[in-house]
S.K.: 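Mind having a look at this structure? Questions to follow.
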Amino acid sequence: MNKVANALYASRKFLLILWIILIIGFGFYAAKLPSVLGGNGFEMKGMYKDTEQLLVNKFDVSEAQIIVLFEKKDGVSDSKFQQTIAQYMQKAKEKSDASKVDIPTASNKMIKGSTAYGIIHFNHDDGTMDKRVEKIRTLSAEEKEMSVKLTGGPIIEKDMNTASQADLAKAEAIGIPVALVVLLLAFGGVVAAAIPLMIGIVTVVTTMGVVYFFHPYTELSIFILNVIPMIGLALSIDFALLFINRFKEEIQTKSVEQAIKITIQTAGRSVIFSGLCVFIGLAGMLFIQVDIFRNVALGGMAVVFIAVFSALTLLPSILAILGTRINRLRILKVSEQGGQSRWRSFATFVMKKPVTMTIVSLIILLVALIPVRDMHLEIPSSEALPTKYESRQAFDTYNNTFINKNTADVYFVLEAKQNMLNEKPLTNAFTFIKQLKEDSLVKQVDSISTALNVKSSDQLQAMLENPQISAQTKPAVDSFINGHYMLIKATLDTDQNSDQAKDFVRKWKDKRSTFTVHIGGYPKFEQEIFDEIYEKAPYGLALVLFSTYVILMIAFRSVLIPLKAIIMNILSLTATFGLLVWLFQNGHLGLTESNIALVLPVFVFGLVFGLSMDYEVFLISRIHEVYHQTRDNNVATVEGLASTSKIITSAALIMIVITGAFAFTDVTPVKQMGVGIALAIFIDATIVRMLLVPSLMKLLGDANWWFFTKKHDKSSSNEQLKS
């Protein structure tokens, strides 16, 4: 680190100019990032996506639909209501250049009382969907005899993007001012407090500009807009806080050059190891081949890399220019010695009763994790959108009025090696339909058999051989058969989100058949997403745990400390998930009852596992330094805690403030993630750092540092003090 410190100090002016160029350049593209974001990120390669494309290509299923919800006003007759709807739908088709429209009538069950819905179909989205929607909205505003609301995938997606941007602005408006107050309490001066915020903003803006260039190669989820600022601000401010604190200590007795170099060698080393832990924690998500995980992993890894880069290049350059002026504009008198004395007393008190403190800490964590057993995970849908949005209100009305929530539709596309109307494939297809009907979970099957009311393939072939009947049946045949392909729809007697529905599509996917069977529908979508996460997440977990252990073992030259850190992290994270279930799923503390977003456990683990290691690295690094000076584990633990606890507590508080601010946002998964990260950091900064760390350091004694050999001790001691 000595050579790195010398090089960074020597290049300080060049680095400052480089950062000015980077901020201007990437800042321009950061402003354009929201325009290339779309979707909820739950896209992956698999049978569901392939089947959806087959439905579009072979059976004229539209790629995008807008649902139009109509509500009749008082005094309007039923006939007038239907007539007005038909006129509206026809105008909407013409104005939006839609491929077709489904007009509601009493016979097609799209009208119930004073409520009706129509569907506008689009064969492709060529990037003009927003303009098409606006044209439809102008029609809605003109209606006098009914209220018209728009919903459906494209509308909800756009509103989710808008809500995410509003959430980001709200979180920043809450988090940044409170973070500034915490920084003022930590440093006492405006200059020192303002620098971490500036570094955080620069990191976020630069990263968002970098991520903009990812969009030609991968679909970018709208949740990136929340994840990058959440991680970037919290991590950058933390790094800057640790870095500036060490610089302020060193500048009291050393020149600016010496202080910068020592800070890079000590706090800079901690920043590198911390950043590496967070980076690996996020990299573990790349095993899961679902767009949202890859998005968050790539965006998160990018912001971590830039946070470390800015902490090691931009921050030292600014501090080198400021020098002792870092203490200017003091508005609070901060007593460093008084704070250390209180933390020293607290650490000594805890270490006098290590067994009791360990048991108390474990009881608290174990009680908190009990609700985890009742955790119910779900893929975020329209319910993630705030109820104030028209698209959410309309979708809820549509669901509650027209959709049977106790059924689920599964689509089968049978692919034969020859034309499906040939004798052999047609006979086999009717056998497949018969087997589907016999499945205990299947409530109804819609196929060529039901459309033409035929019982066997022989009956159908006889109809098709009769020229007069064949002409009449052609529309029905074309709806279900296209060349080598046949479409079958099975309606299940269970909710589309149920485990039974997912088990059903798994069973039929593996069922032996004379056809290539393609399966689609929402249960298939959910089954693939859930299975991908459950199958691949353990690989990511293994990578994170193994890599973190090796990194910390190298950093601290200890076998037990990394193991202890990992176990404590897993325990505190599990307790966090238990509290999230209690808060959100059970609807406590005024929160609306909602299931836990499927992505949340993976996100919170990937982010917090690395972030909490940030404090572990900084704390143990200090304990490590003192241990090599004194060879007394107890003294090292007390002094390490005394010298770092204030700054670690401030860093944790800032992390809690920045991420916790998202608790006041409206998009449910973002709210859950903000609360989850804030809770995890709170548990880590209190129960783990204040109670478990000193207690276990006391109980394990010199065994904490078992990695060393006697021969290595003295030589490494001097080397560690230098670096």
Side-chain angles (χ1 to χ4, degrees), residues 31-40 43 52 55-57 60-73 76 80-105 108 110-111 114-166 215 219-222 225 381-382 384-399 401-403 667:
K32 298 172 69 175
L33 180 62
S35 67
V36 298
L37 302 179
N40 60 15
E43 293 280 339
E52 292 295 301
L55 292 172
V56 170
N57 295 339
D60 198 29
V61 174
S62 53
E63 287 191 16
Q65 301 94 33
I66 291 176
I67 298 171
V68 189
L69 188 76
F70 304 98
E71 290 185 283
K72 183 174 64 173
K73 292 184 178 179
V76 178
K80 182 65 175 175
F81 184 42
Q82 291 187 39
Q83 182 185 352
T84 308
I85 290 173
Q87 291 171 350
Y88 175 96
M89 293 297 289
Q90 192 58 43
K91 287 180 186 177
K93 180 179 182 296
E94 293 168 1
K95 271 187 169 290
S96 63
D97 193 28
S99 57
K100 63 177 181 178
V101 292
D102 294 338
I103 298 175
T105 63
N108 63 16
M110 295 171 71
I111 295 180
S114 60
T115 305
Y117 76 95
I119 301 177
I120 305 173
H121 298 266
F122 299 92
N123 282 339
H124 62 280
D125 182 3
D126 55 3
T128 62
M129 186 61 75
D130 287 350
K131 292 180 180 178
R132 295 178 178 188
V133 170
E134 287 310 311
K135 289 178 180 178
I136 298 171
R137 285 192 195 280
T138 57
L139 285 175
S140 305
E142 295 170 2
E143 289 300 330
K144 299 287 190 291
E145 296 172 333
M146 60 185 180
S147 71
V148 183
K149 294 178 181 177
L150 304 182
T151 188
I155 311 283
I156 291 172
E157 183 179 305
K158 186 175 185 298
D159 285 348
M160 199 76 81
N161 197 325
T162 303
S164 294
Q165 292 182 60
H215 85 271
E219 280 291 326
L220 294 177
S221 164
I222 54 180
L225 210 57
S381 59
S382 62
L385 194 64
T387 53
K388 64 184 179 183
Y389 283 86
E390 179 186 286
S391 59
R392 165 71 191 275
Q393 297 167 8
F395 198 80
D396 285 350
T397 303
Y398 164 75
N399 263 337
T401 307
F402 298 101
I403 302 301
V667 178

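Hydrogens, waters and symmetry mates are skipped; everything else that's a heavy atom, side chains included, is used.
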S.K.: Are the side chains of Val133 and Lys158 in contact, using a 4.5 Å heavy-atom criterion?
M.R.: no
S.K.: At their closest point, which heavy atom of Val667 faces which heavy atom of Met160, and how far apart are they?
M.R.: CG1-SD, 4.0 Å
S.K.: Closest heavy-atom contact between Thr151 and Ser391?
M.R.: OG1-O, 2.8 Å
S.K.: Walk me through it: do Phe70 and Thr84 pass the test side-chain contact (heavy atoms from CB on, under 4.5 Å)?
M.R.: CA-CA 10 Å; Phe70 304 98; Thr84 308; over 6 Å; no
S.K.: Quick check: do Lys32 and His215 have side-chain heavy atoms less than 4.5 Å from each other?
M.R.: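 Side chain of Lys32 against side chain of His215, heavy atoms only: no contact under 4.5 Å found.
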S.K.: Of all the heavy-atom pairs spanning Gln82 and Ile111, show the shortest one and how long it is.
M.R.: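 Here Gln82 and Ile111 meet closest at CG-CD1, 3.6 Å.
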S.K.: Give the C-alpha distance, both sets of side-chain angles, the deciding distance and a yes or no for side-chain contact (heavy atoms from CB on, under 4.5 Å) between Arg137 and Ile155.
M.R.: CA-CA 11 Å; Arg137 285 192 195 280; Ile155 311 283; 3.7 Å; yes
S.K.: For the pair Lys131 and Glu134, find out whether any cationic side-chain nitrogen is under 4.0 Å from an anionic carboxylate oxygen.
M.R.: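 No, no charged N to carboxylate O under 4.0 Å.
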S.K.: Given Leu220 and Leu33, is the side-chain contact (heavy atoms from CB on, under 4.5 Å) satisfied, shown in steps?
M.R.: CA-CA 9 Å; Leu220 294 177; Leu33 180 62; 4.3 Å; yes
S.K.: What closest approach, in Å, do Lys93 and Ser99 show between heavy atoms, and which atom pair accounts for it?
M.R.: CE-O, 3.8 Å
S.K.: Starting at CD1 of Ile119, measure out to CD1 of Ile103 and round the result to the nearest 0.5 Å.
M.R.: 12.0 Å
S.K.: With side chains defined as the heavy atoms from C-beta onward, is the minimum distance between Val76 and Met146 less than 4.5 Å?
M.R.: no
S.K.: Within this structure, what is the NZ-OG1 distance for the pair Lys135 and Thr138, rounded to the nearest 0.5 Å?
M.R.: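 These two atoms lie 9.0 Å from each other.
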S.K.: If I take atom CE from residue Met89 and atom CD1 from residue Ile120, how far apart are they, to the nearest 0.5 angstrom?
M.R.: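 Interatomic distance, Met89 CE to Ile120 CD1, rounded to 0.5 Å: 5.0 Å.
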S.K.: Calculate, to the nearest 0.5 Å, the distance between atoms OG1 and OH belonging to Thr115 and Tyr398 respectively.
M.R.: 13.5 Å
S.K.: Looking only at heavy atoms, which two atoms of Pro154 and Gln65 are closest? And how far apart?
M.R.: CD-O, 3.4 Å
S.K.: Can Val68 and Tyr88 be said to form a side-chain contact (heavy atoms from CB on, under 4.5 Å), step by step?
M.R.: CA-CA 10 Å; Val68 189; Tyr88 175 96; 3.7 Å; yes
S.K.: For the NE2 atom of His121 and the CG atom of Asp102, what is their distance to the nearest 0.5 Å?
M.R.: 3.5 Å
S.K.: Under 4.5 Å between any side-chain heavy atoms of Gln83 and Lys80, yes or no?
M.R.: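 Side chain of Gln83 against side chain of Lys80, heavy atoms only: contact under 4.5 Å found.
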S.K.: Please examine the side chains of Phe81 and Ser114, heavy atoms only from C-beta on, and report whether any two atoms are closer than 4.5 Å.
M.R.: no
S.K.: Could you measure the distance from the CG atom of Leu385 to the CZ atom of Phe395? Nearest 0.5 Å is fine.
M.R.: 11.0 Å
S.K.: Specify the closest pair of heavy atoms between Gly118 and Pro104, including all atoms of both residues, with the distance to one decimal.
M.R.: CA-CD, 4.0 Å
S.K.: Kindly indicate whether the side chain of Arg392, heavy atoms from C-beta on, has any atom under 4.5 Å from the side chain of Ile156.
M.R.: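 They are not in side-chain contact.
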